[in-house]
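Here is the structure we will look at, set down as structure tokens.
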Amino acid sequence: NEPLLQRVVKMYKKVKEDSALLLSACSHLLHNKELMASLVESSFDAVLTDPFLPCGPIVALYLGLPAVFFLNALPCGLDFQGTLCPNPPSYVPRALSLNSDHMTFLPRVKNMLIFLSESFLCNVVYSPY
């Protein structure tokens, strides 16, 4: 029953806190010289990682290994940017929006708001990396 603006601010704070926690964990992993040396000596062929968290690709880059992503989409629409696939929010439903590709005006507005909030939240989450 909270007003929309309070819910948005609360969600922003939660995302920011969670993001800081994940960044801290990644930083501790990368600065653990003993563990990183052990990974280098293990001679792995690739790093299997979820692209939602940037630490996996960073570790892969550090180890000089290819990163294999096991998610069907990259966060923040990077898969669409990377492949240059058209992805207009007026027609293509955003993930988790529960919209179909046959949207009326209000679902299109909702889709656009989700699209804009994704860009903002992605900047909050990934800019520290």
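Side chains are part of it too, since the values below use all heavy atoms of this structure and drop only hydrogens, waters and symmetry mates.
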ILVMFWY network linking Leu61 to Leu22, side-chain heavy atoms under 4.5 angstrom: no
According to a 4.5 Å side-chain heavy-atom criterion applied to Ile, Leu, Val, Met, Phe, Trp and Tyr, with indirect links allowed, do Val109 and Met103 form part of one hydrophobic cluster? no
Side-chain contact, heavy-atom cut-off 4.5 Å: Phe69 with Phe52? no
At what distance, to the nearest 0.5 angstrom, does CG of Asn123 lie from CD of Glu118? 13.5 Å
Would you mind listing the cluster partners of Ile114? Hydrophobic ones only (ILVMFWY), side-chain contacts under 4.5 Å, chaining allowed. none
To the nearest 0.5 Å, atom CZ of Phe115 lies from atom CG of Asn111 at 9.5 Å
Nearest 0.5 Å please: distance from the CG atom of Leu121 over to the OH atom of Tyr126. 10.5 Å
Side-chain touch Asn99/Arg94, heavy atoms, less than 4.5 angstrom: no
Give me the atom names and distance for the closest heavy-atom approach of Pro89 to Met112. CG-SD, 3.6 Å
Can you confirm whether Glu34 is buried at CD, in the sense that more than 12 heavy atoms of other residues, nucleotides or ligands lie under 6.0 Å from that atom? no
Following the transitive rule for hydrophobic clusters with a side-chain heavy-atom cut-off under 4.5 Å over Ile, Leu, Val, Met, Phe, Trp and Tyr, establish whether Val92 and Leu113 coincide in one cluster. no
Partner of Val47 by side chain to side chain contact (heavy atoms under 4.5 Å, CB included), out of Val68, Leu65, Ile58: Leu65
Closest non-hydrogen atoms of Ala67 and Pro57, given as atom of the first, atom of the second and distance, are CB-CA, 4.5 Å
Correct closest heavy-atom pair for Met36 and Tyr62 would be CE-CD2, 3.2 Å
Side-chain heavy atoms nearer than 4.5 Å, only ILVMFWY residues, links allowed to pass through others: does that put Val15 and Val9 together? no
Do the side chain of Ser100 and the main chain of His102 share a donor and acceptor less than 3.5 angstrom apart? yes
Just wondering, do Asn1 and Arg7 contact through their side chains at under 4.5 Å, heavy atoms? no
To the nearest 0.5 Å, how far apart are CG in Leu29 and OG in Ser24? 11.0 Å
Report, as yes or no, whether the 6.0 Å neighbourhood of atom OH on Tyr129 holds more than 12 heavy atoms from other residues, nucleotides or ligands. yes
Just verifying a value: how many Å separate Tyr12 OH and Ser117 OG, rounded to the nearest 0.5 Å? 13.5 Å
In chain order, what residues pass the side-chain contact (heavy atoms from CB on, under 4.5 Å) check against Pro86, with sequence neighbours excluded? Pro88
Between Ser27 (side chain) and Leu23 (backbone), is there a donor-acceptor pair under 3.5 Å? no
Filter on salt bridge (Lys or Arg N to Asp or Glu O under 4.0 Å), then keep only pairs touching residues 55-71, sequence neighbours left out; what's left? none
